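Counting starts at 1 for both ligands and their atoms, following the listed order. Quick note: numbers below take in every heavy atom, side chains included, and nothing from hydrogens, waters or symmetry partners. Computed from a predicted structure; not experimentally measured.
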Amino acid sequence: MAEQRVRRPMMAANWKMNKLVREAQEYVSQLLPRIENAEGVDVAIFAPFTSLVEVARMIRDTPVVAGAQNLYYEDSGAFTGEVSALMLQDIGAGAVLVGHSERREIFGESDELVARKTARAVEAGMLPVVCVGETQEERDAGEMWEKCSRQVQRVIEELGELNGESIVFAYEPIWAIGTGATASPEDAQDAIGQIRGLLGELRGEEFAEGVRILYGGSIKPGNVGEIMAQTDVDGGLVGGASLEANTFAELVNGAANHKDS
Ligand code: PEP
């Protein structure tokens with residue numbers, strides 16, 4: 001018998017450091033008509049700060065959510081180069097990526113920093129999409145779960161009372177990001193199921209059942225169906241394949257077809 005699904009699927013585009021304002025405008029204009037029938041899927045575009053203002057403006061009256069790729073946990077002050085939750089909300093951004101592996105690995109973000117940023121986003125009423133995942137070396141050494149559970153636990157410890165709907169996690173094995181290598185649907189389910197189990201231990205079953213957990217790592221139209229078909233996978237965080245509006249629209253429509261909301 002089909003399981004009654006309570007979590008709305010989500011498909012999120014992570015543009016990383018790509019797209020000038022003009023390119024972002026073209027993309028949004030192409031995307032919107034192509035996803036208007038994709039009911040039951042939450043769509044988010046995580047744009048660089050420079051085009052985020054324009055993306056947020058263009059999608060203001062649509063169900064698509066504008067998201068930032070980073071924030072700082074203070075609201076204002078002497079933090080050169082940083083952007084706060086209040087600033088993001090001021091331009092209409094409703095979501096924010098936190099702890100993407102590129103931030104952790106290239107810019108040295110610690111579990112502590114990621115946890116504080118997440119807590120600030122939640123407190124401000126933004127939806128944080130918190131990324132966790134292991135490197136190939138960690139996986140080979142059998143340390144995948146040690147790494148992911150530590151990352152999840154540190155974030156949860158920092159948070160006060162909240163509903164599961166107020167936070168999203170993304171399991172993104174680093175070896176699968178931008179490499180073309182995808183975790184098998186079973187591996188994605190296994191990791192995401194374990195994360196949900198841990199959330200249940202930490203905050204109770206109701207919380208865990210409300211949290212959406214996405215998979216990220218070389219998602220494309222050819223594999224989105226089998227990934228979305230996994231019980232605990234609630235959607236995708238997409239890098240490379242989100243850069244082209246047609247392809248991302250295919251993924252959004254694919255997600256709509258593979259989950260009952
Ligand atoms: C990402 O950057 O979050 C990501 C999953 O990238 P890609 O889809 O290119 O692997």
- Note on the structure: Only one of F46, Y27, F49 passes ring-ring contact (aromatic ring centres under 6.0 Å, His included) with W15, and that residue is Y27

- Select all protein residues for which some heavy-atom-to-ligand 1 distance is less than 4.0 Å, and list them by chain and number. N14, K16, H100, E172, A176, I177, G178, G216, G217, S218, L237, V238, G239, G240

- Query: If we only count heavy atoms from C-beta on, is the R212 to D42 side-chain gap below 4.5 Å?
  - Reply: yes

- Test side-chain contact (heavy atoms from CB on, under 4.5 Å), reference F169, set L214, L199, T118, output is L199

- Item | CG on N223 to OG on S184, rounded to 0.5 Å | 11.0 Å

- Task: Evaluate the side-chain proximity of I213 to R196: yes if any heavy-atom separation is below 4.5 Å, no if none is.
- Result: yes

- Message: Could you report the tightest heavy-atom contact between G133 and Q151, atom names first, then the distance?
- Response: N-OE1, 2.9 Å

